[in-house]
Number of protein chains: 4
Amino acid sequence: MWIQTRVDVAMSESTRPGRPRSTDVDQAVMSAALDLVSASGFRAVTIEAIAAKTGVAKTSIYRRWPNRAAVIMDAFLARVGTQPLFAPDEGFLEGLRRQLRTMAKSFRGEDGELVKALLAESQFDPDLASAFHDRWTMPRREMALEHFRAGAERGAIRRDADLEVAIDMLYAPFYYRLQMGTGPLSNAFVDGLFDQVMQGLRP
Amino acid sequence: MWIQTRVDVAMSESTRPGRPRSTDVDQAVMSAALDLVSASGFRAVTIEAIAAKTGVAKTSIYRRWPNRAAVIMDAFLARVGTQPLFAPDEGFLEGLRRQLRTMAKSFRGEDGELVKALLAESQFDPDLASAFHDRWTMPRREMALEHFRAGAERGAIRRDADLEVAIDMLYAPFYYRLQMGTGPLSNAFVDGLFDQVMQGLRP
Amino acid sequence: MWIQTRVDVAMSESTRPGRPRSTDVDQAVMSAALDLVSASGFRAVTIEAIAAKTGVAKTSIYRRWPNRAAVIMDAFLARVGTQPLFAPDEGFLEGLRRQLRTMAKSFRGEDGELVKALLAESQFDPDLASAFHDRWTMPRREMALEHFRAGAERGAIRRDADLEVAIDMLYAPFYYRLQMGTGPLSNAFVDGLFDQVMQGLRP
Amino acid sequence: MWIQTRVDVAMSESTRPGRPRSTDVDQAVMSAALDLVSASGFRAVTIEAIAAKTGVAKTSIYRRWPNRAAVIMDAFLARVGTQPLFAPDEGFLEGLRRQLRTMAKSFRGEDGELVKALLAESQFDPDLASAFHDRWTMPRREMALEHFRAGAERGAIRRDADLEVAIDMLYAPFYYRLQMGTGPLSNAFVDGLFDQVMQGLRP
DNA sequence: GGCTAAGCGAGACGGTACGTCTAGTCTTGGG
DNA sequence: CCCAAGACTAGACGTACCGTCTCGCTTAGCC
């Protein structure tokens, strides 16, 4: 599960010698991190604060993660999980519209705050940036791309369309509005966006 | 010139009592800030570093700006200026395509780095966020909107199109790619994006 | 006043630019250090504890002293002062006996604790060791030596006696008993020691 | 052999159930401790360093000794051993002078370093202090006292002399010079000290 | 040969303090 | 009132060891 962000340990979990790491610590740290983000914002999530709140020693945290950003990254991903965005039996248009609305809702809430903070912090931390890229951005893009490819195959959209660009057009505005505050991520907005993008993709 | 970001002074510049502020200090601080961004990245631009590099006292910097982000914000805006994005005698499509390419080029260079960093830092600093919004995002959006409105009037695009959404579709991907690194901000990308958006806006 | 131990500053106190160091900080830190030694022993005198107790920031302490031992060293010396051990108009034997008793009394109290701790800590810290040597041990030895030289000149002791050795015989047992706990530093002990040493120094 | 310092085990070595303790561990730990003292000084002798150097687990060390000082104490005593200081058939003066010279030589070398460090650490650790007292200081004092008593009986020194004080005068300067660095522990010094003390003890 | 008990290496754990860093504020003397 | 210099409080950083605790495995004596 842990790629990039978490400190790797040499051997496989089961055969490693010594006292095994307590999973309570992982849980306590990650949920405290999320609590602190909610309560006081990203900048309040210091290792010291997590240690104080949980009773976990700083050393135990640093044994697992290289810095605070990595903790939050993991906490966030453990929360949002990695379920598929699209159901295989759903129609192209219905599925896409549903997913966009779900995403908008999620971005309007706490997830949006987390995405915003992690994306921002990424600009200053290369490790976090690549973790965010590999574990958040790309998996979602891939799923979207797959959905689009299937749609194209089934004739729901033009075959010669540049899908990468289409995905940018569709998803970039979510991040843009999230960060810029130029307008709400309402369902009306999502529908307008959806319609206008589909306008250009009709076969 | 300074709105939001810079510390306001009570009276007008000319009539204030006491020793007038040296304009050298402003210049030195802002150009040092930009130099430091180029040389070592945003995180290296600390007030202490600027003070050390320029010989200007920290006090003198804090007298003018509330924090380091504000310094960089001002330095950035002083650099990119506020010239109009579109020429009044240019055609809608030609003008838009030219502007997009210019913007892409700018984002590929140092300006991109600065936008990225300021946008990121904005997430953690409300003052900076509103400065960025008021002095960077909105003026440019307004100019684009004006250009689109004129285009619609002249019949270059559909009259019933949602221009806010169109602008999101067109510009959001710039920021997306800038931050996410999912692909280059090449001219090919810009053209593809432009074509696909126009596809949906044709009358 | 500060030799070796305290962090040196380049220019003379009066002409140095910038905000002058607050003498309150020095006072507060040193007296807190002594309080902590009394209350909880040398090992409890941590920089963190001093900072917490006084409200002085750690940085302000580290600006003045390189480590906790140096703080205590200075605090100790500020307390014991540098008054002369012998009065010039006193007879050799009377003066010496009086000084030995005074010293024994001092060693039986808090000063003894401090000497013991500083001497011990010196074994692990070369800077502290040389500070202790230069600012405690040697000045006192010099004063004693001077007293012995005057005594020899006045015929109170043998002219050919090795005074360095005599001083060792007289003072080393103070430190020995202080550390080893082989017996009390009582007046009886002091007198016995004095008599026996003088036995060997009689002209 | 182990008094005070080493952790006691309930039953006698031979009949205790379970796997017997490996003597290799004792050896490895103690010699590593001495090596580390030689190589990098007392402060470098951390339990972690010993464990790392020897491959012995920290648990195995703490099973035997309560803390690092106890380890070094035992290592030291195992090294210097407990042979008698004086030969029964030696004359009082010759024997004493020989022993003093031997001791000076030992103090000039690594033993001196160890004594210094253990004595210093004793100031902060009551257990270590009493171990040092019981297993180093007192046995040697007793042997010296015995030698002096025999000397007094044989008429080599005054019968009414305070032997405790005499021993302090003779041995305290060794520790004093060892710690204070006020002069070398040379044979010349030893002889001068010896002569002067004997001056006062002549019958 | 299996059982019980302790030793052993490994490494996780809660702590404490370290000395460093940067932020933003305050206080000098001098212009 | 400005300016340079630098002291000041505040608080997080990441590190080093401490001494304790769990693991799985090993090594003995005893039934």
Side-chain angles (χ1 to χ4, degrees), chain A residues 9 11 14-22 24-25 43-49 51-52 54-64 66-68, chain B residues 9 11 16-22 24-25 43 46-49 51-52 54-68, chain C residues 9 11 14-22 24-25 43-49 51-52 54-64 66-68, chain D residues 9 11 14-22 24-25 43 46-49 51-52 54-68:
Chain A
V9 283
M11 282 172 262
S14 55
T15 54
R16 204 146 28 97
R19 175 174 172 177
R21 293 195 182 161
S22 160
D24 292 2
V25 168
R43 286 281 149 104
V45 189
T46 64
I47 298 287
E48 305 248 318
T54 56
V56 166
K58 277 167 65 183
T59 19
S60 294
I61 302 175
Y62 281 114
R63 197 174 295 117
R64 290 170 164 78
N67 51 51
R68 81 196 178 107
Chain B
V9 284
M11 282 172 260
R16 205 144 25 97
R19 175 171 169 180
R21 290 193 185 162
S22 159
D24 293 2
V25 169
R43 277 286 144 102
T46 63
I47 297 288
E48 307 250 319
T54 56
V56 165
K58 279 165 66 182
T59 335
S60 296
I61 303 175
Y62 279 113
R63 198 174 293 118
R64 290 169 164 78
W65 295 276
N67 52 49
R68 76 196 183 111
Chain C
V9 283
M11 280 172 262
S14 55
T15 56
R16 205 149 23 100
R19 176 174 171 179
R21 293 196 181 160
S22 160
D24 291 3
V25 167
R43 284 281 148 106
V45 189
T46 64
I47 297 289
E48 306 249 316
T54 56
V56 165
K58 279 166 63 181
T59 15
S60 294
I61 302 175
Y62 280 113
R63 196 174 296 115
R64 291 169 163 77
N67 51 52
R68 78 194 181 109
Chain D
V9 284
M11 281 172 263
S14 54
T15 55
R16 205 148 23 99
R19 174 174 171 178
R21 292 194 184 162
S22 160
D24 293 2
V25 168
R43 279 284 146 103
T46 64
I47 297 288
E48 307 247 318
T54 56
V56 165
K58 279 165 67 181
T59 336
S60 296
I61 302 176
Y62 280 113
R63 197 174 294 117
R64 291 169 164 78
W65 294 276
N67 52 48
R68 76 191 183 113

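Treat the numbers as computed from the prediction; the structure is a model and nothing was measured.
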Please name all residues satisfying side chain to side chain donor-acceptor pair (under 3.5 Å) with A:N67, sequence neighbours left out, ordered by chain then number.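 A:N67 satisfies side chain to side chain donor-acceptor pair (under 3.5 Å) with no other residue.
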Return the nearest nucleotide to the side chain of A:P20; candidates are E:dT27, F:dA28, F:dC23.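 Looking only at side-chain atoms, A:P20 lies closest to F:dC23.
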Integer-rounded Å distance: [N] [atom2] and [X] [atom1]:
{"X": "C:R19", "N": "E:dG30", "atom1": "CZ", "atom2": "P", "value": "18 Å"}
{"X": "A:I61", "N": "F:dT15", "atom1": "CD1", "atom2": "P", "value": "13 Å"}
{"X": "D:D24", "N": "F:dT26", "atom1": "CG", "atom2": "P", "value": "18 Å"}

Looking at every non-hydrogen atom in both residues, tell me the closest pair between [X] and [Y] and how far apart they are.
{"X": "A:A44", "Y": "A:A49", "answer": "O-CB, 3.8 Å"}
{"X": "D:K58", "Y": "D:A51", "answer": "CG-CB, 4.0 Å"}
{"X": "C:S60", "Y": "C:V56", "answer": "CB-CG1, 3.8 Å"}

My understanding is that only residues two or more places apart in sequence, or in another chain, count here; which of them pass side chain to side chain contact (heavy atoms under 4.5 Å, CB included) with A:A52? none
Closest-nucleotide mapping onto DNA chain E: is C:G18 or A:G18 further toward the 5' terminus? I mean the 5' end.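 Residue closer to the 5' terminus by nearest nucleotide: A:G18.
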Looking at D:R64, does any N or O in its side chain come under 4.0 Å of the phosphate oxygens OP1/OP2 on E:dA6?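 No.
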Distance below 4.0 Å between D:R21 side-chain N/O and E:dG7 OP1 or OP2: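 Checking D:R21 against E:dG7: at least one side-chain N or O falls below 4.0 Å of OP1 or OP2.
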Between protein and nucleotides 9-14 of chain F, map the contacts as a letter string: B base, S sugar-phosphate only, - none, heavy atoms under 4.0 Å, written 5' to 3'. BB-SBB
Would you check if C:R68 and C:R43 make a side-chain contact, meaning some heavy-atom pair closer than 4.5 Å?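 Yes, close enough: below the 4.5 Å cut-off.
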